[in-house]
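From a predicted model like this one, the values you see are computed outputs, not experimental measurements.
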Amino acid sequence: MIDHLENPGEGKFTLEEAPADSFVPASELLQLQRGPERIKCWDCGERFYWTVEEQDHFRMRGWDPPKRCSDCREKKRMLRDGLLWSELDW
């Protein structure tokens with residue numbers, strides 16, 4: 001890797017002890033292969049997708065990944081704010 005960084009004109013990067021035909025262009029090493037993640041909601045048990053945009057939004061703010069789907073998050077928010085009384089155990 002150091003040789004590649006010192007001589008970037010070669011354009012290819014190989015790992016030591018890797019097969020000779022396993023060349024990877026240097027530009028591909030820096031690209032992250034990210035996609036949506038599937039998460040299981042803690043409340044309803046349904047699986048939901050956490051999009052790349054949402055991942056960036058959460059990580060920029062230092063938040064952990066969501067534990068609830070958007071419907072359950074909204075329901076919890078309404079319970080917390082006192083807007084949803086039918087769910088309270090009286």
Side-chain angles (χ1 to χ4, degrees):
M1 178 149 194
I2 294 172
D3 290 335
H4 177 74
L5 293 173
E6 290 175 350
N7 303 314
E10 295 176 16
K12 295 194 176 202
F13 177 80
T14 58
L15 296 174
E16 293 179 11
E17 300 179 16
D21 62 343
S22 62
F23 289 109
V24 176
S27 61
E28 289 181 19
L29 290 174
L30 300 177
Q31 294 176 354
L32 297 174
Q33 296 295 330
R34 298 186 324 157
E37 295 180 23
R38 282 188 72 196
I39 301 175
K40 185 175 181 181
C41 178
W42 281 19
D43 289 347
C44 68
E46 294 293 319
R47 295 197 180 273
F48 63 96
Y49 283 100
W50 188 34
T51 65
V52 173
E53 292 81 15
E54 291 171 327
Q55 293 172 30
D56 292 341
H57 179 81
F58 274 62
R59 289 185 180 126
M60 282 180 13
R61 286 162 176 72
W63 298 343
D64 292 330
K67 295 175 177 63
R68 294 172 180 84
C69 64
S70 60
D71 291 339
C72 290
R73 279 194 305 242
E74 181 63 26
K75 193 174 191 181
K76 183 177 179 181
R77 190 176 303 117
M78 290 176 73
L79 277 169
R80 182 191 63 213
D81 294 341
L83 300 174
L84 189 64
W85 292 97
S86 62
E87 295 291 327
L88 295 176
D89 295 326
W90 292 95

Quiz prompt | Considering all heavy atoms, the nearest Cys41-Cys69 contact | solution = SG-N, 3.4 Å

Quiz item: Any salt bridge (charged side-chain N to carboxylate O under 4.0 Å, His left out) pairs touching residues 49-58, not counting sequence neighbours?
Solution: Arg34-Asp56

Quiz prompt | Interatomic distance, Asp81 atom CG to Lys76 atom NZ [nearest 0.5 angstrom] | solution = 11.5 Å

Practice problem: Evaluate whether atom OH of Tyr49 has more than 12 neighbouring non-hydrogen atoms of other residues, nucleotides or ligands under 6.0 angstrom away. | Solution: no

Practice problem: Establish whether Phe58 and Ile39 are linked, either directly or via other cluster members, by ILVMFWY side-chain heavy-atom contacts under 4.5 Å. | Solution: yes

Practice problem: Flag the pair Arg77 / Arg80 as yes when at least one side-chain heavy-atom distance between them is below 4.5 Å, and no otherwise. | Solution: yes

Quiz item: Restricting to pairs with a member in residues 58-72, which pass side-chain hydrogen bond (donor to acceptor under 3.5 Å, both in side chains), not counting sequence neighbours?
Solution: Asp43-Arg68, Gln55-Arg59, His57-Arg61

Quiz item: Is any side-chain heavy atom of Pro65 less than 4.5 Å from a side-chain heavy atom of Glu37?
Solution: no

